[in-house]
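All residue numbers refer to positions in the sequence shown, counting from 1.
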Amino acid sequence: MIDTSFARIGLGRGVTHVSVTSASDVAETTLSEGMTVFWRANQPIGHVLMHEGQITDARIDHINDGFLSAVDSKARPPTKVRLSASVVICTRDRPDELSKCLSSLPRQTHPPREIIVVDNASRDRRTRDVALAAAATYIREDRPGLDIARNAGALQATGDIVAYTDDDVLLHPRWLEQLTSAFDSPEIGAVTGLVLPAELATEAQRHFETYWGFGKGYREQDYDPAVFRSHRGQVLAAWDIGAGASMAFRREVFQAVGLFDERLDVGQAGCSGDSEYWYRLLAGGYTCRYTPASVAFHFHRSTMDGLASQIYHYMRGHAAALLVQYERTGISANRCLAYYYKPRWYLYRLLRNAMEGGSIRDRFLKEEVTGYFAGLLFYHRRRFRR
């Protein structure tokens with residue numbers, strides 16, 4: 001049954017949400033162009049992505065009556081969460097998007113202790129006006145860089161938990177409740193949530209969701225120090241833990257392992273400030289948890305030019321983050337991946353494209369390659385700055 005309640009959140013075209021009462025509902029659903037997301041009560045459990053009548057991605061094979069029973073048994077029921085939470089939104093020159101994001105916070109079942117808007121050097125007063133109109137705490141940070149802004153928010157926050165989201169995100173009403181309640185043991189230092197597309201109205205948005213999407217699946221997963229140690233000879237893919245558009249931390253971890261590395265992410269290297277921080281937490285003995293019960297909806301870039309720039313900066317930040325991880329932990333697998341395995345992988349893809357022709361997956365291969373090597377250069381130019 002199509003769930004029309006999502007219309008109240010303000011989502012765009014191209015994503016359909018379906019409520020599931022039994023596993024047979026999935027097979028009987030008529031799929032629409034774009035993404036169909038299946039929900040059990042307030043938790044997404046799978047999706048199908050369709051483009052021009054063809055299924056390009058399906059994550060429903062696991063949905064059976066046993067899985068639904070497991071979802072029901074593990075669901076955290078609505079309850080009064082004991083931990084207080086500060087919500088931090090870092091933004092620059094996007095007052096309209098910020099206003100929409102802020103509008104989804106009064107509907108949260110676990111009201112935030114405070115909402116902190118960090119204005120990362122906007123060019124006019126509109127960001128300030130939007131933040132103050134929403135009764136948020138407004139901070140101006142003139143140094144460009146998302147991680148610089150995140151640090152300003154962390155230092156201002158007073159809640160037990162510091163939760164981050166982006167200005168181009170809308171939040172499910174139970175987003176903060178589920179994110180905060182997942183901190184159910186003291187060793188959990190970070191929790192991330194599931195990020196679904198808010199709309200898939202353009203070719204660029206569909207391409208991103210198919211090949212670069214933020215979703216990390218529909219099963220809760222813990223990454224603990226034992227898992228981290230088991231990857232000592234290789235790099236644990238911390239980027240699989242979640243997405244910076246929906247993440248939270250115990251406030252105490254900022255004192256224990258330091259703040260975000262200000263050389264990374266948007267405005268600096270371009271990306272991966274979040275995954276480097278999760279990696280650092282794991283190295284410091286904390287557990288990071290991914291919980292798909294906490295849901296945010298992200299508006300992907302709508303144009304191909306915007307997507308090309310995004311992918312370039314993603315790879316630029318990824319390359320720099322590998323070397324930052326080596327610098328901070330001394331784990332040589334990061335350096336080997338950065339200087340040897342990744343370049344070899346890109347060489348293979350370039351040769352394959354030359355001999356066989358490019359695939360749609362490699363549509364932005366040029367941006368990937370140039371961004372990656374730009375990231376190595378970026379790191380060496382800023383090696384001793386933190």
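- Listed by chain and number, the residues in a salt bridge (Lys or Arg N to Asp or Glu O under 4.0 Å) with R143 are E141, E262 (sequence neighbours excluded).
- A tilted orientation is assigned to the rings of H300 and H298, their planes being inclined by 30° to 60°.
- Between F228 and Y286, a ring centre-to-centre spacing not shorter than 6.0 Å is recorded.
- A search for salt bridge (Lys or Arg N to Asp or Glu O under 4.0 Å) contacts involving D167 returns R94, not counting sequence neighbours.
- Take R150 and apply the salt bridge (Lys or Arg N to Asp or Glu O under 4.0 Å) test, not counting sequence neighbours, and it matches D147, D265.
- Every residue two or more places apart in sequence or in another chain that forms a ring pair (Phe, Tyr, Trp, His ring centres under 6.0 Å) with H318 is listed here: W239.
- For Y279 and Y223, the ring centers sit 6.0 Å or farther from each other.
- The closest side-chain donor-acceptor pair between T158 and E114 falls under 3.5 angstrom.
- Ring centroid separation for the pair Y277 and F249 comes in under the 6.0 Å cut-off.
- With rounding to the nearest 0.5 angstrom, the CD atom of E220 is 10.5 Å from the OG atom of S294.
- Looking at E203 and R363, a side-chain N of the basic residue comes within less than 4.0 Å of a carboxylate O on the acidic one, giving a salt bridge.
- Under the rule for a salt bridge (Lys or Arg N to Asp or Glu O under 4.0 Å), the partners of R123 that lie at least two apart in sequence or sit in another chain are D93.
- Remark: R289 is not positioned above the aromatic ring of W278, lacking an NZ or CZ atom under 6.0 angstrom from the ring centre and at most 45 degrees off the axis.
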Worked check of ring-ring contact (aromatic ring centres under 6.0 Å, His included) between Y164 and F260: CA-CA 13 Å; Y164 290 89; F260 290 96; 5.7 Å; yes

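- Under the side chain to side chain donor-acceptor pair (under 3.5 Å) criterion, Y339 pairs with H380, sequence neighbours left out.
- Of the residues listed (R40, H62, R59, H47), the one engaging Y218 in a side chain to side chain donor-acceptor pair (under 3.5 Å) is H47, and it is the only one.
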CA sep, side-chain torsions, deciding dist, call: R280, D261, salt bridge (Lys or Arg N to Asp or Glu O under 4.0 Å): CA-CA 10 Å; R280 204 186 325 160; D261 193 298; 5.1 Å; no

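- E368 and Y372 share no side-chain donor-acceptor pair at under 3.5 Å.
- By the 6.0 Å contact criterion, CG on D124 is enclosed, its count of non-hydrogen atoms from other residues, nucleotides or ligands being greater than 12.
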